[in-house]
Amino acid sequence: METLRLKTLYVLFFIELSTRRIHVAGVTVHPDSAWVAQQARNRVIEAEDRPAPARYLIHDRDAKYSGPFDEVFRTEGTGVIRTRVRAPRANTFAERWVRTVRAECLDWIVVRGRRHLERLLRAYASHYNSGRPHRGLQLATPDPPQFARSAPAKANGLIRRDILGGLIHEYERAA
């Protein structure tokens with residue numbers, strides 16, 4: 001992602017394929033193998049409350065995903081699978097999420113910097129996980145929706161919740 005000052009920022013994210021749940025791990029200007037391995041450790045710590053670790057981690061063959069990155073997941077009992085060389089369809093879920101977040105969020109906002117991009121992505125990921133229906137889940141969401149009941153109900157019985165300063169709207173029937 002390019003910022004206002006034309007700096008390139010890199011985002012590391014994880015997708016649970018069975019639920020389509022997105023986890024934004026971090027944003028950096030200089031992604032290297034040490035940073036990626038630290039983000040993997042953070043992800044494993046966040047996932048400790050899950051009943052079972054992920055069965056597999058699929059990633060491409062970039063040099064950033066070195067031995068320490070893979071070893072973090074292997075020690076948790078997760079198998080590591082690298083995609084084949086020049087296999088563009090091997091990473092379809094990640095490519096689809098990148099296209100969606102760009103079209104619905106990042107193409108409409110000028111990113112000021114790393115912290116701004118991280119806040120945007122975390123807010124969008126929250127919307128993506130709990131407020132946006134997914135075709136692969138029969139129009140369900142990965143997480144149950146959690147709406148704030150602060151907005152008054154309209155005459156038509158709908159409550160609107162603005163996300164990202166009104167860029168995205170979520171709707172819910174009033175109780």
Side-chain heavy atoms nearer than 4.5 Å, only ILVMFWY residues, links allowed to pass through others: does that put [X] and [Y] together?
X: Val29; Y: Leu106; value: yes
X: Leu164; Y: Tyr128; value: yes
X: Leu117; Y: Leu167; value: yes
X: Val27; Y: Phe14; value: no
X: Ile15; Y: Met1; value: yes

Contact check, side chains of [X] and [Y], non-hydrogen atoms, under 4.5 Å:
X: Tyr124; Y: Ile109; answer: no
X: Leu57; Y: Ile81; answer: no
X: Arg119; Y: Leu121; answer: no
X: His59; Y: Asp70; answer: yes

Short question: side chain of [X], backbone of [Y] - any donor-acceptor pair under 3.5 Å?
X: Arg122; Y: Val24; answer: yes
X: Asn129; Y: Ile22; answer: yes
X: Thr78; Y: Ala54; answer: yes
X: Asp32; Y: Trp35; answer: yes
X: Thr100; Y: Arg96; answer: yes
X: Arg160; Y: Glu170; answer: no
X: Ser66; Y: Ala63; answer: no
X: Trp108; Y: Arg102; answer: no

| message | Just to verify, which of Phe73, Phe69, Tyr65, Tyr56 counts as forming a side chain to side chain contact (heavy atoms under 4.5 Å, CB included) with Val80? | response | Phe73

Distance check, rounded to the nearest 0.5 Å: [X] atom [atom1] versus [Y] atom [atom2]?
X: Leu158; Y: His169; atom1: CG; atom2: NE2; result: 13.0 Å
X: Arg161; Y: His127; atom1: CZ; atom2: NE2; result: 9.5 Å
X: Thr28; Y: Leu9; atom1: OG1; atom2: CG; result: 8.0 Å
X: Arg112; Y: Leu4; atom1: CZ; atom2: CG; result: 9.0 Å
X: Glu71; Y: Glu76; atom1: CD; atom2: CD; result: 11.0 Å

Salt bridge present between [X] and [Y] (N-O < 4.0 angstrom):
X: Glu104; Y: Arg132; value: yes
X: Arg99; Y: Glu95; value: no
X: Glu16; Y: Arg20; value: no
X: Arg43; Y: Glu46; value: yes

| remark: Closest non-hydrogen atoms of Gln39 and Ala25, given as atom of the first, atom of the second and distance, are OE1-O, 2.8 Å

| note | Heavy-atom nearest pair, Gly113 first then Thr3, reads CA-CG2, 4.2 Å

